[in-house]
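Below is one structure, written out as C-alpha cells; comments come after it.
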Amino acid sequence: MNIEHFLSDTISTAVNSLFSLTTKPENIILQKTKKEFEGDYTLVTFPYIKAAKLTPEKTGELIGEEILKTNPTITEFNVVKGFLNLTLKTGFWLSEFKNISKDVNYGIKPANSSGKQVMLEYSSPNTNKPLHLGHVRNNLLGYAVAAILKTQGHDVIKVNLVNDRGIHICKSMVAWKFFGNGETPMLSGLKGDHLVGKYYVEFDRAYKKQVQHLMEKGSTKEDAEKQAPIMLQTQEMLLKWEAGDKETMDLWKMMNHWVYDGFKISYKKLGVDFDKIYYESNTYLLGKEIVQEGLTKNIFYKKENNSIAIDLTNDGLDEKIVLRSDGTSVYITQDLGTAIERFKEFPKIAQMIYTVGNEQDYHFKVLFKILEKLGCEWAKECYHLSYGMVELPEGKMKSREGTVVDADDLMDGMVETAREVTEASGKVAEFPQEEKDELFNTIGMGALKYFILKVDPKKKMLFDPKESIDLHGNTGPFIQYAHARIKSILRDYNADIHSISVSDNLKLHEKEKELIKLQYDFPKILEESANTYNPAVVANYIYELAKLFNQFYNECSVLKEENKAVKEFRIKLIETTARIIKNGMMSLGIEVPERM
RNA sequence: GGUCCCGUAGCUCAGCUGGAUAGAGCAACAGCCUUCUAAGCUGUGGGCCAUUGGUUCGAAUCCAAUCGGGGUCACCA
C-alpha cells in the first residue's frame, strides 16, 4: 500500500477519535514537507481547529501525539504554526528503497497489462514541403506521449495520416513542371522534401508576380488572385488528379516519393516511428456515406443550396457544413469517415488521440460532438492532444514567407554544436569514431528534444534561432551527464553489484534520503504524466532527480567510502538513480549515453 | 464583435486538484578540480505572481471584471 494512503488512514482515525469527526481517509490533505522543515509529510491542521476548539498549534500537537502512539512507522513530529510535520522511520525508507532496487522496471507497468488499446495519431505532414520546427514539436510530443502511455501498460498504436493530396500539393507539382527543368533529388543533390518545398516556394513567387501583373493591368486584387494563370493551372491539375489522369498521377507519385525519401531521413533522425501510415489520398472520400446516413436520421439537414449541415448551437458551437452543395467533402467529412473507419479496423481501441496544434481546438470540439451525435459511444474517449505554437522572436512561422526553422537544419545544427562542445572538452579523444558519432547525435538530439518536451504542451513556446539551445543547466545533456557519471562509477566498482544486500541499519545522509524519497515518486510521476498527456511532468522530474544526484555526488563519495555497508548502499542507490533517469528519458524518447 | 487559450525574476520556463518565507535554468557577480567525469557543485543580487474586486482562517492557484498578447469563428485544410 502506498504510504500516503497509509498515513491518511491513521490520521483520519486519529482526528475522528480525538475530535469526534467522520473524516474519510481520502479527504485528508497530506503534502510533502517542504525542504526548510524537518519531516517527510505534512498535515495542515486548519481544517480541524474548529472541531478541536484549540489553536492550530495545540491541534497539531494533539494529532501528532495520537498518531505517534498508533502508527509505529512515524518516529517523530513537530508543529510549526498550523503545520504538523511527520517524520517516518529510516527503516521505512530503506525497505522502500530495497523494493525500488529489486524492480528493474520500477514504475513501469508490463507491456499491454492494462488491456487498453489506444490509437495515437501524430506527425501528419503535408507532402509539399519539408518538416519545420512546428512539426518537430508535434512529432516529439506524439512520440513521447505514446511512450509514456506504454509505461502504463497500454497498447499504443501510433499512426500517421499523411496529407498527400489537394491543391497545395498541386502547387508544387505545377511549379516543378514549369520551372523544374527536370530537376530531381539525384541531379541536384537536394533532399527530396527540400526539393519539392523549393517548388512550393517557387509557386508562391510566380503567383504573386502574376497577381501583381494583373493588378497593374487594372484587375482588382480579388479577381487577379482568382485569374492568375498559374492558379488556374493548379486547379486544373487538381481536377485531373481527381479524374485519375495518368500523366498527373505519375508526376504526383514521383514527387511524393521524393518527399517520402526525405521524410524517412528526418523521422529517423528524430527517432520517431509509426505502426501504420494512412494516406489522405485513400481516405479523403470517406465520410460521405456517413453524412447521407446522418441525413436520414435527421442528425444533419439539407440547406436551401443543397449543402448539408449540422446545427450545434445548442452545444455552444455553431452550424457546421459537412458536405458542400456540389456534393464534395470538406475537411471534417473525411475526419468523421476516418475515425469511424479506424474503429471498425481496430475494434479493440478504447481511445483515439489526435496530436494537432491548438489552432484546431474548435475543429476537434466540433468533430467529437458530431461523432457523439452520430451515436459513436467512443466519441467521449477521443482526445485532442493540443499543443501551442512554436514562435520565433519575430512571431509566428510562415512556410511561404520563408520564416521557418527547418527541421533538418535544426537537428544537424544541434548535433554539430554537440560535436564541437564535446570535442573541446577533450573527454572523448580515445572513443572509437563510431561511438563518437553516436554520442554527438545522442547529445545534440537530447538537447533539442528535452528543450521542447520540458515545456507544457498546451503553452506556446518561444524559440530563438540566434541563441543556440543550451547544454548546461536544465537541459537534456545535464541529465545525460548525470547518467554517464553514475555509469562511470559503476564501471569502476570492482565487485559484484548484484550480490549486494542493503543493510537495514544505516544512518542516511540527507541527500541519500532525499534521493530515496524522490525515486519513490517515479511511478506517480509517470501516471500523472500519462493521465495529463504531459511529458513535461516526467521531464521536470528527471531533471530534479539528476540535479539531486549531482548534489549527492558532491557531498558523498561512493568509491572512497570506507564503511562497506554504506559504500554498497550507495552503489545500489546510484544504480537505481541511473535506471530511473534512463527509463524516464526513454519515455520521452531521449537516449542516455553510458559515457560522455 | 462572439468564443477559447495565455500573462510568474532582464530572458526561457516550473509551481495552478487553495496552505508555511513563490522555485529552477540562462544571463551577472563571488567561490570550489593533488579527492568517483567542473556538461558539475556552493553562494550573492534579482518578484506588488498583469490590474482591481470577490470567496476563504488562508489565493500565484478558485470566481468576476478590466487591461495586454495570441488562436478561432470557410461550401480552406
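Every chain is numbered from 1 and lettered A, B, ... according to where its sequence line falls, protein lines coming before strand lines.
Closest heavy-atom contact between A/Asn138 and A/Ser123: OD1-N, 2.7 Å.
The separation between A/Tyr481 atom OH and B/rG40 atom P is 8 Å, rounded to whole Å. Look at CG on A/Asp492: it is 6 Å from P on B/rU37, rounded to the nearest Å. If you take CG of A/Leu317 and P of B/rU72, they are 17 Å apart, rounded to a whole angstrom. In this entry the distance linking NZ of A/Lys454 with C1' of B/rA14 reads 10 Å, nearest Å. Look at CZ on A/Arg570: it is 19 Å from P on B/rU35, rounded to the nearest Å. If you take CG of A/Asn540 and P of B/rA14, they are 7 Å apart, rounded to a whole angstrom. Counting to the nearest Å, the C1' atom of B/rU56 and the CD1 atom of A/Ile49 are 12 Å from each other. Spacing between atom CG of A/Asn474 and atom C1' of B/rU12 amounts to 10 Å, rounded to whole angstrom units.
Among B/rA77, B/rA39, B/rA20, the nucleotide with an atom closest to any side-chain atom of A/Phe37 is B/rA20. When distances run from any side-chain atom of A/Ser488 to the nucleotides B/rA39, B/rU12, B/rU37, the shortest one goes to B/rU37. With B/rC36, B/rG19, B/rA77 as the choices, the nucleotide that has an atom nearest any side-chain atom of A/Pro47 turns out to be B/rG19. The A/Glu359 side chain lies nearest to B/rG71 when the options are B/rG19, B/rG71, B/rU37. Of the candidates B/rA20, B/rA77, B/rG19, B/rG19 carries the atom nearest the A/Val44 side chain, counting heavy atoms from C-beta on. The listed nucleotides are B/rC26, B/rC36, B/rA14; the one nearest the side chain of A/Lys459 is B/rA14.
Within 4.0 Å of A/Thr328, counting heavy atoms only, lies no atom of the nucleic acid at all. In this structure, A/Asn531 reaches neither bases nor backbone, as no heavy-atom distance under 4.0 Å exists between it and the strands shown. As judged by a 4.0 angstrom heavy-atom cut-off over every strand, A/Asp361 is placed among residues making no nucleic acid contact. If you check every strand for non-hydrogen atoms under 4.0 Å, A/Thr42 touches a base. As judged by a 4.0 angstrom heavy-atom cut-off over every strand, A/Phe451 is placed among residues making no nucleic acid contact. A/Asp456 comes within 4.0 angstrom of sugar-phosphate atoms only, judged by non-hydrogen atoms across all strands, and of no base.
Taking a 6.0 Å sphere around CD of A/Glu562, one finds it holds 12 or fewer heavy atoms contributed by other residues, nucleotides or ligands.
Nucleotide B/rG23 forms a pair with B/rC13, judged by Watson-Crick or G-U wobble geometry with both contacts under 3.5 Å.
The ring of A/Trp252 has its center no closer than 6.0 angstrom to the ring center of A/Tyr279.
Put simply, A/Gln551 has a side-chain N or O that comes within less than 4.0 Å of OP1 or OP2 on B/rU42. Distances shown here put every side-chain N or O of A/Arg485 at or beyond 4.0 Å from the OP1 or OP2 atom of B/rA39.
Between A/Val455 and A/Lys427, the residue whose closest nucleotide on RNA chain B is further toward the 5' end is A/Val455. If A/Phe478 and A/Leu84 are placed on RNA chain B by their nearest nucleotide, the residue sitting closer to the 5' end is A/Leu84.
For B/rC6 and B/rC13, the C1' atoms lie 14 Å apart once the distance is rounded to whole Å. Rounded to whole Å, the C1' atom of B/rG15 lies 24 Å from the corresponding atom of B/rC4. Straight-line distance between the C1' atoms of B/rU51 and B/rG7: roughly 11 Å, to the nearest whole Å. Rounded to the nearest Å, the gap between the P atom of B/rA28 and that of B/rG71 is 34 Å. Taking atom P in both B/rC73 and B/rC11, the straight-line distance is 32 Å, to the nearest Å. Between B/rG25 and B/rA74, the two C1' atoms lie 44 Å apart (nearest whole Å). Between B/rU42 and B/rG19, the two P atoms lie 26 Å apart (nearest whole Å). Here, B/rC48 and B/rG43 have their P atoms 24 Å apart, quoted to the whole Å.
A cation-pi arrangement is absent between A/Arg570 and A/Tyr493 under the rule of less than 6.0 angstrom and at most 45 degrees off the ring axis.
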Exercise for review: Check step by step if side chain to side chain donor-acceptor pair (under 3.5 Å) holds for A/Asp164 and A/Ser281.
Suggested key: CA-CA 6 Å; A/Asp164 62 344; A/Ser281 51; 2.6 Å; yes

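A stacking contact links A/Phe83 to B/rA20: the aromatic ring centre lies within less than 5.5 Å of the base's six-membered ring centre, and the planes differ by less than 30°. Using a 5.5 Å limit on the distance between ring centres and a 30° limit on the angle between planes, the aromatic ring of A/Phe46 counts as stacked on the six-membered base ring of B/rG19.
Look at A/Lys564 and A/Glu568 and you find a salt bridge, because one of the NZ, NE, NH1 or NH2 atoms lies within 4.0 Å of a carboxylate O, short of that distance.
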